[in-house]
Every structure is written in C-alpha cells, then in structure tokens.
2 protein chains.
Amino acid sequence: MYPTENETRLWVAINLSQRLIYRKMDAALKEKRLPPLRWYDVLWDLERAGEKGKRPFELEQSLLFEQSNLSRLLRRMTNESLLEERQFSRDRRGKILRVTEKGRVVRKNMWKIYGPLIHEYMSQIESESELKQSSASLNRLVDCSVIED
Amino acid sequence: MYPTENETRLWVAINLSQRLIYRKMDAALKEKRLPPLRWYDVLWDLERAGEKGKRPFELEQSLLFEQSNLSRLLRRMTNESLLEERQFSRDRRGKILRVTEKGRVVRKNMWKIYGPLIHEYMSQIESESELKQSSASLNRLVDCSVIED
DNA sequence: GAATAATAGATGAAAGTGCATCTATTCTGC
DNA sequence: GCAGAATAGATGCACTTTCATCTATTATTC
C-alpha cells in the first residue's frame with residue numbers, strides 16, 4: 001500500500017531533475033529572447049505532422065496540456081504568426097493547425113539553444129545502456145498511467 | 001554539441017512521466033479536498049526540521065521554489081494555521097517557520113492519498129535494482145546541475 | 001427524427017507564478 | 001565605524017494556468 005524507500009526516492013528524483021533542468025532551459029531561452037520551452041513542443045509536434053496538420057485536442061493529448069491553457073497558448077502563437085489555423089470541414093466544431101514558415105524558423109532557433117542543453121544535462125549519464133534503461137523505466141510509468149484513464 | 005537520440009528520449013521521458021503523474025496526484029488530492037501537492041513538500045520538510053524549524057530561504061533551496069512564490073505560499077499556509085512563524089532573533093530580517101499540530105494532521109491526511117499513489121505508479125518498476133539505478137541516474141543529473149550554478 | 005448526451009473549443013474569474021523592485025537588516029572592506 | 005555590497009523577505013504588476021461554464025456542433029438513443 002505505502003511506497004518503499006526506493007520507490008519514494010525515485011519519485012523525488014524524477015521531480016527534482018525535471019523541475020531543475022526545465023527551469024534552467026526555460027531561463028536560457030528567455031535570455032536569448034526566444035519563446036518558452038512549452039512552445040517548442042507545439043511547434044515540433046506540428047512540424048512533424050506536416051501538411052496534414054493537427055487538431056488542438058490531439059496536441060492536448062500528446063503534449064499533456066490543459067484544454068483551456070492550450071487554447072490560449074495556441075491563440076498567442078497564432079497571433080505571433082507561428083501557427084495558422086483553418087476550419088476543419090468535416091467537423092465544424094474543430095479546426096486544423098499547421099506551422100508557418102516563421103514557426104519553423106523560430107523552432108530551429110530554439111533548437112540551437114535547447115538541443116545543446118539537452119545534451120549538456122543528459123550527457124551526465126555516459127553509458128548508452130544506462131540512458132536506454134532509464135528512459136525505458138520512466139516510459140513504463142507513463143504507459144501504465146495513460147492506459148488507466 | 002547536439003543531443004543523441006537516447007539523450008533526447010530520456011529527457012522526454014523525464015518530462016512526460018513527471019507531468020503526467022504529478023497531475024494525477026494533484027487531482028486526487030483535490031478530489032479529497034486536500035491541499036495541493038506542493039504544500040506537502042513544505043509540511044514534510046518542516047516536520048523533519050522539528051522544533052528548530054527552518055527559514056524560508058532554506059526551504060527555497062531544498063524545494064526549488066521561486067522566492068516570491070514561496071513567500072506567498074507560506075503566507076497562505078500560515079493563514080490556514082498549518083504553519084507558525086516567529087521572528088528570528090539573531091537576524092531580524094528573517095523568520096523561523098514551524099509546523100503546527102494542524103499542519104501535522106493535514107500532512108498525515110495527505111500522505112494517506114499521496115503515499116499509496118507513489119507506490120501505485122512507481123511499482124511499475126518492479127526490480128529493486130532497477131529502481132535504484134534509475135534514481136541514481138536522475139540524481140546524477142540533479143547534482144551536476146546544482147553545482148554549476 | 002426529436003431529445004439527450006457527448007465533444008471541440010473559447011472565455012470570465014480567480015488563483016498561481018515570475019520578474020523587478022522595495023524595505024529592512026546584516027556583512028565587508030577600508 | 002561608515003559606505004557600499006549582500007541578504008531575507010515582501011509586494012506591485014503582468015502573464016499564465018486552472019476551474020467552471022458557455023456556445024456550437026456532432027453522436028446516440030429511444
């Protein structure tokens with residue numbers, strides 16, 4: 001019922017590492033006058049979706065956004081011309097989002113900062129097998145949590 | 001310079017797992033009309049500090065709070081009588097925080113929800129060695145990041 | 001096929017957060 | 001011991017996030 005010592009330790013470590021590194025990355029982007037990290041996820045997800053684009057509720061699921069939160073974030077990004085939206089004809093409640101050329105440029109600029117930082121922090125774990133094992137473990141947590149909804 | 005595939009995967013996994021599980025836990029607490037998860041950290045940290053209590057800036061460091069953010073959180077918690085503050089005589093800029101009896105009760109009630117959830121999620125990783133290895137890896141990330149400040 | 005439920009997305013109000021700045025106090029170097 | 005730097009903590013402001021609710025549309029059920 002209650003967690004073991006090691007289970008608690010892992011949960012604490014997940015939180016600390018995420019919070020600490022995320023902050024530093026966000027701060028680094030802000031310093032370069034680039035948008036916050038969360039925008040990157042949206043841009044990248046849409047860029048990979050290509051011509052077809054994606055709908056807000058799809059982003060919401062894959063990126064774990066709160067609906068209202070995402071709604072406003074998307075508006076901000078659209079206002080900055082990083083995204084374009086068009087009405088989705090088959091369901092007139094919905095809309096389709098795609099990255100603009102400007103969005104692609106901004107994402108690339110963000111990656112110039114973000115990418116090296118990921119490397120800098122993650123390379124503290126040197127062995128490939130350890131990297132793989134750790135992410136496999138964490139992904140296991142995610143999978144189980146998603147399913148049980 | 002740029003991250004390897006596995007480095008990126010780990011970083012993504014850290015984010016997903018943290019965000020997803022944290023949310024679910026916070027939601028579970030809210031459903032039971034208990035305070036948010038972040039309050040737990042404060043209560044627990046102060047409870048372990050015992051009679052001596054702790055000062056806000058110490059909490060700030062160990063729990064990774066933004067100063068202004070923590071300042072207001074502490075006020076809220078004090079207003080709810082979960083904490084009590086007294087002036088720190090040796091440095092009149094500062095103050096000492098301690099948990100109240102009510103604070104201890106609330107923390108225990110939170111733990112009844114929080115504890116089993118930690119177990120539920122973390123127990124997806126069954127082997128003790130895997131648990132240990134994963135948290136050791138993540139802690140390595142944290143240590144390096146903290147030091148370089 | 002009309003009534004009801006479910007879904008996509010937007011939005012007002014409230015709470016939380018970060019940033020810059022402020023006050024009060026203590027520390028440092030001369 | 002005094003001027004200037006550093007530190008503890010609070011606070012105004014702007015922005016973000018959440019919660020609850022709303023509108024519009026589509027799905028379902030009888």
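Protein chains get the first letters and strands the later ones, always in sequence-line order, with residue 1 at the start of each. Basis for what follows: all heavy atoms, side chains included, without hydrogens, waters or symmetry-related copies.
Overall bending of the helix from dG1(C)-dC30(D) to dC30(C)-dG1(D), expressed as the angle between end axes built from five pairs apiece, is 30° (10° steps).
Of the candidate nucleotides dA10(D), dT17(D), dT25(D), dT17(D) has the atom lying nearest to any side-chain atom of R72(A). Comparing atom distances between the S71(B) side chain and each of dT26(D), dT11(D), dT16(D) picks out dT11(D) as nearest.
As rounded to whole Å, 14 Å separates atom P of dT17(D) from atom CD of E60(A). Rounded to whole Å, atom C1' of dA20(D) lies 15 Å from atom CG of N69(A). For R38(B) and dT17(D), the CZ to P distance is 16 Å, given to the nearest whole Å. Rounded to whole angstrom, the span from the CG atom of L73(B) across to the C1' atom of dT11(D) amounts to 16 Å. In this structure, M77(A) atom CE and dT16(D) atom C1' are separated by 15 Å, rounded to whole Å. Rounded to whole Å, the distance from CD on Q67(A) to P on dT18(D) is 12 Å.
Contact footprint of chain A on DNA chain C: nucleotides with an atom under 4.0 Å from a non-hydrogen protein atom, first to last in 5' to 3' order, dA6(C) to dC19(C).
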Go through the steps to decide whether D26(A) and R23(A) satisfy the test salt bridge (Lys or Arg N to Asp or Glu O under 4.0 Å), and finish with yes or no. CA-CA 5 Å; D26(A) 233 6; R23(A) 274 187 185 220; over 6 Å; no
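Distance alone, capped at 3.5 Å, is enough to place a donor-acceptor pair between the K102(A) side chain and the E80(A) backbone. For the pair T100(B) (side chain) and S81(B) (backbone), a donor-acceptor distance under 3.5 Å is present.
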